[in-house]
Number of protein chains: 2
Amino acid sequence: MSRRPLTIGRLASAAGVNLETVRYYERIKLMPPPARTASGHRAYEEGHIRRLAFIRRARELGFSIEQIRTLLALAEPTRASCAEVQEVAQTHLDEVRAKLADLAKLERILAETVARCSGDPAPTCPVLDILTTQKRA
Amino acid sequence: MSRRPLTIGRLASAAGVNLETVRYYERIKLMPPPARTASGHRAYEEGHIRRLAFIRRARELGFSIEQIRTLLALAEPTRASCAEVQEVAQTHLDEVRAKLADLAKLERILAETVARCSGDPAPTCPVLDILTTQKRA
DNA sequence: CTGCACCCCGTAGCGGCTACGGGTGCAAGA
DNA sequence: TCTTGCACCCGTAGCCGCTACGGGGTGCAG
């Protein structure tokens with residue numbers, strides 16, 4: 001099948017993940033320990049690529065490591081319960097929406113403040129004003 | 001003037017900051033080391049409250065510690081250059097907008113995916129599908 | 001004078017990596 | 001055949017911005 005052994009480096013680039021991150025995932029037991037060659041090098045299988053790629057995509061979507069653990073467990077048996085997966089995803093979505101709202105508020109305040117800047121070397125500065133004055137939010 | 005000594009605890013609650021955080025700010029030299037009583041307790045002045053409150057508001061607006069160092073330096077002389085302050089704030093605003101865009105994209109993907117969930121204990125799950133399938137973003 | 005809140009300090013932990021340093025293995029070119 | 005140079009091995013420390021912990025000492029009110 002495979003001409004060349006699936007080393008950690010090849011696994012990492014196949015899944016689009018940093019090599020050190022793969023070793024980190026093994027340490028925290030998110031990736032299972034692979035077989036070893038006689039000289040101690042890690043020897044992976046195809047399945048590891050799929051698992052690592054799953055993890056990477058979940059991270060890109062902002063799921064936490066612990067959430068990914070749950071998702072991986074739920075994905076494992078073929079008869080996974082969509083409802084449980086949905087719950088994890090919904091929880092994460094709620095968190096994302098909360099952060100989004102916070103960040104949008106921030107953006108508005110910053111944008112308004114910066115927009116008031118004259119650019120002059122003036123003694124009064126809207127940015128410093130907002131930081132110096134009692135908050136009103 | 002002040003009836004009671006301005007201890008770290010009173011400073012912290014006056015500025016709305018955790019007490020441990022104040023000691024942390026002192027360690028990283030964001031707050032200057034205050035005078036000490038004979039028994040070694042920290043004795044602050046009014047100015048410390050203003051500085052700490054400035055820091056807290058800047059943190060609430062998402063400025064990094066290093067950015068705050070810069071802002072504090074620029075705020076110090078009365079003849080601060082608004083242009084330099086504006087630059088720091090604009091940089092931060094750009095970062096906030098980038099994160100906002102990322103998060104909004106995330107929200108959309110998650111929301112669409114979760115919306116497709118039937119809630120049934122079905123074998124196929126849109127959330128797992130998106131994690132298992134090659135990404136398309 | 002006792003009890004308790006407050007303060008002192010140093011250190012370790014959080015999440016999710018990333019980097020470093022010092023050593024071995026392995027494949028391919030000269 | 002030798003050697004070059006990359007890939008791999010491992011443990012540990014660092015990043016950010018705190019927060020928590022543990023084992024003490026201090027100050028004030030009842």
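Here is the naming used below: chain letters follow the sequence lines, and residue numbers restart at 1 for every chain. The figures that follow rest on heavy atoms only: side chains count, while hydrogens, waters and symmetry mates do not.
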Can you name the atoms? Protein N/O to nucleotides 26-28 of chain C N/O, anything below 3.5 Å, with the distance.
{"from": "C:dC26", "atom 1": "OP1", "to": "A:Ser39", "atom 2": "OG", "distance (Å)": "2.9"}

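Applying the salt bridge (charged side-chain N to carboxylate O under 4.0 Å, His left out) test to every pair with at least one member in residues 125-134 of chain A, sequence neighbours left out, gives no pairs at all. Applying the ring-ring contact (aromatic ring centres under 6.0 Å, His included) test to every pair with at least one member in residues 27-46 of chain A, sequence neighbours left out, gives these pairs: A:Tyr44-A:His48.
B:Leu19 has its CG atom 12 Å from the C1' atom of D:dT19, to the nearest Å. Following rounding to the nearest Å, A:Leu11 (CG) and D:dC8 (C1') show an atom-to-atom distance of 14 Å. In this entry the distance linking CD1 of A:Ile28 with C1' of C:dC14 reads 13 Å, nearest Å. For the pair B:Asn18 CG and C:dC7 P, the computed distance is 12 Å after rounding to whole Å. Atom pair A:Lys29:NZ and C:dG16:P shows a separation of 17 Å (rounding to whole Å applied). Between A:Leu30 atom CG and C:dG15 atom P the separation is 13 Å, expressed in whole Å. Between the CZ atom of A:Arg69 and the P atom of C:dG15 there is a distance of 10 Å, rounded to whole Å.
We find the CG-CD distance between A:Leu61 and B:Glu107 to be 12.0 Å, quoted to the nearest 0.5 Å. Taking OG1 of A:Thr21 as the start and CZ of A:Arg27 as the end, the distance is 10.0 Å to the nearest 0.5 Å. To the nearest 0.5 angstrom, A:Arg51 atom CZ is 12.0 Å from A:Leu11 atom CG. Expressed to the nearest 0.5 Å, how far CD of B:Gln86 lies from CG of A:Leu128 amounts to 11.5 Å. Taken to the nearest 0.5 Å, the CG atom of B:Asp94 stands 5.0 Å off from the CD atom of B:Gln90.
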Quiz prompt | Heavy-atom protein contacts under 4.0 Å, nucleotides 10-17 of chain D, coded B base, S sugar-phosphate only, - none | solution = BBB----B
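The salt bridge (Lys or Arg N to Asp or Glu O under 4.0 Å) search around A:Glu45 returns none, not counting sequence neighbours.
Side-chain contact between B:Leu72 and B:Leu30 is present, with at least one heavy-atom pair separated by less than 4.5 Å.
At a threshold of 4.0 Å, the pair A:Glu26-A:Arg23 does not count as salt-bridged, since none of the basic side-chain nitrogens sits closer than that to a carboxylate oxygen. A salt bridge does not link B:Glu95 to B:Lys99: none of the charged nitrogens lies less than 4.0 Å from a carboxylate oxygen.
Residue B:Thr7 places no side-chain N or O under 4.0 Å from the OP1 or OP2 atom of C:dC6.
Residues from residues 93-102 of chain A with heavy atoms under 4.0 angstrom of DNA chain C: there are none.
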